[in-house]
Amino acid sequence: MSVLDRVNSPKDVKQLNIDELNVLCSDVRKLMIETVSQTGGHLASNLGVVELTVAMHKVFTSPVDQFVFDVGHQCYTHKILTGRKDRFETLRSENGISGFTRPVESEHDIFSSGHSSTSVSSAVGLAKAKQLKGEKGKVIAVIGDGALTGGLAYEALNNAGHSCSNLIVILNDNNMSISPNVGSMARNLTTIRTSPGYVTFKSKVQRGFSRIPKVGVHLNRFFTLINSKIRKRVYNATFFEDLGFRYYGPIDGHDMQALIDALNAAKAHNHPVLLHINTVKGKGYYPAEKNPTQFHGIGKFDINTGEPLSSSDNFSSAFGRTMCSFAKNDSRICCVTAAMAEGTGLCDFAKEYPKRFFDVGIAEQHAVTFSAGLARNGLIPVFAVYSTFLQRSYDQLIHDVSMQGLKVIFGIDRAGFVGEDGESHQGVFDTAFLNSVVDMSILAPCYYDELEAMFYEGIYKIKGAVAVRYPRGSEGYKPEGYKYNHEPYSVFGNPEAEKFIVTYGREFSQCIKALEELEDICLIKLNTIKPIDKSVCEVLANSRKIFFFEEGVKSGGIGESFEALLYENCIKAEFKHFAVNNEFVKQASVSRQLEKYSLDTNSVIREVSNA
């Protein structure tokens, strides 16, 4: 029996000694690597926090003590230790466990997550609620150095430092150095300050001073002040200290005893504490240690070599090639990303045009307004961003781009269903919120050549801000001889038919396949989905039934705009709209998601035939 076999809940972790805890970490890594090689997922970050998560469950008592993992993509060890190891093979699959924290799964998952830099804010709220209700327990936020580049994290730290005595923030530093001047003296001092003997001695001294009549309180204040000055001088960590946190670090995030001592020291405090932990992304699996960026979020891979099992060509790489091609001939073109250079296909652009490539960190709001500044002074910025992350920049889209009348291009990756990443990552909202942005044009390619052509149109032919939205993965079914017509819409089939299918983007692949199986049907493919060209109503003048298939939310989406256009032009055909209606899209393969919302080819055939 392995050590992991004996662990079925956090209570079992508390019974293990140091040697057993280290073996447990090895067992967890083995299970994690084997599973993710089959399911895909976030591997490098999870391998880096195995010891930290095990130590947290050794020292604290979940869910009385509440853990909040920033983004939540590094929660695999937490899930394994909290009763879900037997279901871990279902990771990211339909009806399986999520790749992120989800309260509906377990009482140990305190906050639903998926986006960056939110952990400290939610932890401050949780901690305050505990204080007001008189509940026991600490709230522990685990945030990475990358997530700390997001402005929301700083807003929360500023709010928390002098008020949340039951808050612990763990800074998981696995890439850049937060405190480059911290040296051996600081490490030695941290070892002393987190040792159980020192914590006990310090508590006894403080209690002793407090018993001295009249001068005891003043003595405690004096030594606290001296202690604070020494910490600031040695650590050079005035930022966190000035915010009101007790700072400990750096601490070796793979030394189990050091972690346990540091967590116990933080637990004993009646002040907000920040623990600075150094970890190694991909720890324990050489391919992930060697290339942590590739293994941040990876599909199925060969466990022996680390090589991905799926094709590398996709819409993201097509976007990257397009930007390199345009930038070669136009020095005004520059690309902006929010810490997603590889995910959005911009690595080659960054190498070829380093002065025109800007990675602003996990700061989508800043990225949009920064792009607006670039545009105002004559450049042509292209902000590459996942659909789900663009949601964070709605005010900037309106106030800093649209209202200024600026030419900013948005390359919206992962538009539509994204599969196994679950509710927080589905790109189904961008059409609805962009639809309300004044003078924003939205184009929706279905194929790589269309993507290139639409970016050209967006950059050189369309006034104002332009969004080009494209899906995750590779292009779908393409009819033989198909060519993009460079018009606002394209018409296929019999334009004299009484039944019409209308769609856009990737969904065209499903609908055009259906058209080949249907009789007396006309299909309209919208290339520009905002604004919709009014001349399309002329094509629909004699229609009796119109079926609109949309890989996005129904409320506020393109289908609703299309229906309103029909009404305004007195087209009284029966209109049926297939889209995501008032719910979050749960994890499953993209093919299953299309099937669930009646957007796959068979569903299109069924719905049109049965009408």
Side-chain angles (χ1 to χ4, degrees), residues 1-58 62 67 69 71-102 105-106 108-109 113 142 172 174 253-256 259 279-292 294-309 420-422 587:
M1 180 180 287
S2 70
V3 174
L4 180 57
D5 290 334
R6 293 155 46 193
V7 175
N8 298 301
S9 74
K11 292 180 181 178
D12 298 324
V13 178
K14 293 184 177 297
Q15 308 305 315
L16 304 177
N17 60 37
I18 289 294
D19 291 337
E20 290 172 322
L21 291 172
N22 284 319
V23 175
L24 174 63
C25 292
S26 298
D27 293 344
V28 167
R29 279 195 171 91
K30 181 180 179 182
L31 174 61
M32 199 182 294
I33 295 167
E34 290 175 348
T35 301
V36 177
S37 71
Q38 298 299 314
T39 66
H42 293 89
L43 186 59
S45 53
N46 277 288
L47 291 173
V49 297
V50 174
E51 284 85 1
L52 173 60
T53 310
V54 169
M56 287 166 61
H57 279 289
K58 173 70 173 177
S62 175
F67 301 159
F69 293 92
V71 186
H73 65 305
Q74 76 288 52
C75 67
Y76 294 1
T77 302
H78 170 73
K79 295 203 171 199
I80 292 169
L81 300 180
T82 52
R84 286 168 278 183
K85 69 177 180 184
D86 293 335
R87 296 188 63 217
F88 195 65
E89 62 181 15
T90 70
L91 180 72
R92 303 175 75 248
S93 62
E94 187 175 10
N95 299 318
I97 63 174
S98 171
F100 300 89
T101 49
R102 292 287 183 266
E105 271 186 27
S106 169
H108 299 284
D109 287 6
S113 59
V142 181
N172 175 31
N174 55 26
H254 304 293
D255 183 330
M256 184 62 68
L259 285 169
T279 62
V280 176
K281 273 189 175 182
K283 179 73 172 179
Y285 183 55
Y286 177 71
E289 286 191 42
K290 183 181 178 181
N291 193 351
Q294 178 185 353
F295 281 85
H296 170 74
I298 191 169
K300 297 178 182 180
F301 62 92
D302 185 322
I303 198 170
N304 295 313
T305 65
E307 291 298 316
L309 299 180
E420 294 82 357
D421 281 341
Q587 66 190 46

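Computed over heavy atoms, backbone and side chain alike; hydrogens, waters and symmetry mates excluded.
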Smallest separation among heavy atoms of Ala55 and Met256, with atom names: CB-SD, 3.9 Å
Under the rule for salt bridge (charged side-chain N to carboxylate O under 4.0 Å, His left out), what residues qualify as partners of Glu94, not counting sequence neighbours? Arg592
I want to check something: taking the side chain as every heavy atom from C-beta on, are Leu81 and Leu24 in contact at a cut-off of under 4.5 Å? yes
Determine whether Lys300 and Gln38 make a side-chain contact, defined as any pair of heavy atoms from C-beta on separated by less than 4.5 Å. no
Smallest separation among heavy atoms of Asp421 and Arg92, with atom names: OD1-NH2, 2.7 Å
How about Met56 and Val142: do any of their side-chain heavy atoms sit closer than 4.5 Å? yes
For Gly83, does its backbone N or O pair with a side-chain atom of Ser9 as donor and acceptor, under 3.5 Å? no
Heavy-atom distance under 4.5 Å between the side chains of Gln15 and Glu20, does that happen here? no
Name the residue from Thr90, Asp109, Leu91 that meets the side-chain contact (heavy atoms from CB on, under 4.5 Å) definition with Arg84. Asp109
Heavy-atom closest contact (Ser113 atom, Gly72 atom, distance): OG-CA, 3.3 Å
Give me the ring orientation class for Phe295 and Phe301: parallel if the planes are under 30° apart, tilted from 30 to 60°, perpendicular past 60°. perpendicular
For Glu51, is there an ion pair with Lys58 - N to carboxylate O distance below 4.0 angstrom? no
Minimum heavy-atom separation for Val54 and Cys25, please, with both atom names. CG2-SG, 3.9 Å
Can you name the side chain to side chain donor-acceptor pair (under 3.5 Å) partners of Lys281, sequence neighbours left out? none
Under 3.5 Å, side chain of Asp5 to main-chain N/O of Ser2, donor-acceptor pair present? yes
Treating Arg6 as the side-chain partner and Leu16 as the backbone partner, does any N or O pair qualify as donor plus acceptor under 3.5 Å? no
Would you check if the side chain of Asn46 reaches a backbone N or O of His73 as a donor-acceptor pair within less than 3.5 Å? yes
Close side-chain approach of Leu47 and Ile33, heavy atoms under 4.5 Å: yes
Looking only at atom types and distance, does a side-chain atom of Lys79 sit under 3.5 Å from a main-chain N or O of Phe100, one as donor and one as acceptor? yes
Glu420 side chain to Ser93 backbone, donor-acceptor under 3.5 Å: no
Is it true that a side-chain atom of Glu289 and a backbone atom of Gly284 form a donor plus acceptor pair closer than 3.5 Å? yes
Mutual orientation of the aromatic rings belonging to Tyr76 and Phe88 [parallel < 30°, tilted 30-60°, perpendicular > 60°]: perpendicular
Lys30, NZ: over 12 other non-hydrogen atoms inside 6.0 angstrom: no
Check this for me: does any side-chain nitrogen of one of Lys85 and Asp27 sit under 4.0 Å from a carboxylate oxygen of the other? no
